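What follows is a short report on a single structure.
Just follow the structure's listing: the first ligand is 1, and inside any ligand the first atom is 1. As the structure is a computational prediction, the values presented were derived from the model and not from experiment.
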Amino acid sequence: MVKASAPGKCILFGEHAVVYGQPALACSISQRMSIELEREDTFDSWRIDGRTFNGKKHPHIKYIRDHLPPHDEQPLHIRIRGTIPKASGLGSSAALSVALCGALQQIRDEPQNLQQASELSHQAEAQAQGGRASPMDTATSAYGGFVVLSDSIEEDLDFIETRSMEVNGEQQEWHLHTFEATIPEGTALVIGNTGVHGSTSAMVLQVAELIQNEPTRKVELETIGAIARRGIQALRNGDMKAVGQAMSENHIVLRSLGVSSPDLERLIRAAAPSSLGVKMTGAGGGGCMIALTENPEETVGAIEMQGGRAFITAFNEPGLQIEHLT
Ligand code: PMV
């Protein structure tokens with residue numbers, strides 16, 4: 001039996017615009033998904049949590065299994081565990097894909113390969129999102145910590161790799177970086193979940209159609225890119241007030257793109273008075289919001305008063321991890 005786990009992520013700046021090559025910043029969170037793989041002795045086909053594996057129901061898993069098959073024919077039993085709520089903008093499917101890559105690399109007796117895990121998982125996400133997916137979720141889940149995507153190689157950040165993919169008929173290129181951020185003592189990130197499932201592919205398609213029908217709206221994506229740049233610099237300077245300000249500005253542009261929702265707005269309004277900055281995170285249409293706050297308990301309480309589920313998350317959690325079992 002082998003086991004691997006990978007963290008979820010939240011996007012501090014740049015969702016949606018990053019699909020079109022604009023800069024963005026994500027960070028790994030405390031919630032993780034884990035995958036256990038065990039050789040199947042009783043059944044002659046693959047199973048997932050006790051049921052026969054159906055590739056149509058689990059397209060990510062099928063994609064990764066097909067690209068990283070075990071060396072022998074013996075089927076496997078996949079067990080999925082985790083604390084990342086599904087379809088909530090916290091990257092549960094990316095974390096699942098990355099953890100599966102880590103587990104399959106072990107089954108294949110290969111050393112842990114983060115780049116391969118990040119790349120294969122990105123391709124699996126793109127396939128499930130109608131070809132429109134940035135490598136942000138999957139890279140953050142694989143590498144952990146803070147991940148910056150940019151349209152150019154940033155000299156003052158630690159460069160990881162370059163990834164390209166065709167999106168809406170245009171070749172997009174993302175340069176992935178990381179950096180060490182020092183978060184001042186007392187500053188926390190609170191996640192508020194509306195409990196409403198948002199569909200990443202539907203929201204990404206909605207933005208694609210908006211841009212196609214009204215090409216001038218591309219300016220909004222560029223505005224998000226500019227805010228993201230400012231926010232990333234503020235974080236590197238340890239200026240949390242400016243980080244929060246940029247987060248809130250980012251949210252206003254996301255709202256004007258039509259990807260927020262009444263539930264998200266309600267939680268954001270509730271969290272704002274006790275926070276440095278608030279925004280939705282991920283694809284939207286439901287899912288989660290985040291608040292950067294110096295009063296985490298108060299912010300959690302305010303979100304819960306409005307019917308959201310709220311929790312405090314740590315920054316800088318490790319990426320893909322192999323768990324050695326005896
Ligand atoms: O909601 P999530 O966790 O799937 O995040 C989606 C982020 C987008 O920028 C909307 C899409 C992408 O592929 O980057």
Report, in ascending order of atom number, the atoms of ligand 1 lying under 4.0 Å from any heavy atom of [X].
| X | value |
| --- | --- |
| Val18 | 9 (O), 14 (O) |
| Gly282 | 1 (O), 5 (O) |
| Asp137 | 2 (P), 3 (O), 4 (O), 5 (O) |
| Ala133 | 13 (O) |

message: Quick one: does any side-chain atom of Lys9 pair with a main-chain N or O of Ala139 as donor and acceptor, under 3.5 Å?
response: no
Specify the closest pair of heavy atoms between [X] and [Y], including all atoms of both residues, with the distance to one decimal.
| X | Y | answer |
| --- | --- | --- |
| Asp49 | Arg81 | OD1-NH1, 3.3 Å |
| Ile303 | Gly192 | CG2-CA, 4.0 Å |
| Met280 | Leu254 | CG-CD1, 3.8 Å |
| Ile29 | Pro7 | O-CB, 3.6 Å |

message: For His122 together with Trp174, are the ring centres under 6.0 Å from each other?
response: yes
message: Does any N or O of ligand 1 fall below 3.5 Å from an N or O anywhere on Ala283, backbone included?
response: yes
Any N/O pair Glu15/ligand 1 closer than 3.5 Å: no
May I ask you to identify the nearest protein heavy atom to [atom], giving residue, atom name and distance to one decimal place in Å?
| atom | answer |
| --- | --- |
| atom 14 (O) of ligand 1 | Ser134 OG, 2.6 Å |
| atom 4 (O) of ligand 1 | Thr200 OG1, 2.8 Å |
| atom 3 (O) of ligand 1 | Lys9 NZ, 2.6 Å |
| atom 9 (O) of ligand 1 | His16 N, 2.9 Å |
| atom 11 (C) of ligand 1 | Val19 CG2, 3.7 Å |

Within the structure, is a non-hydrogen atom of [X] found at a distance of less than 4.0 Å from ligand 1?
| X | answer |
| --- | --- |
| Glu125 | no |
| Gly91 | yes |
| Ile11 | yes |

task: May I ask you to decide if the ring planes of Trp46 and Phe53 are parallel, tilted or perpendicular, using 30° and 60° as cut-offs?
output: tilted
- request: Decide yes or no on side-chain hydrogen bond (donor to acceptor under 3.5 Å, both in side chains) for Thr138 and Ser121, but give the supporting numbers first.
  value: CA-CA 6 Å; Thr138 44; Ser121 305; over 6 Å; no
field: Arg266: side-chain contact (heavy atoms from CB on, under 4.5 Å) partners, not counting sequence neighbours
entry: Asp263, Arg269, Gln306
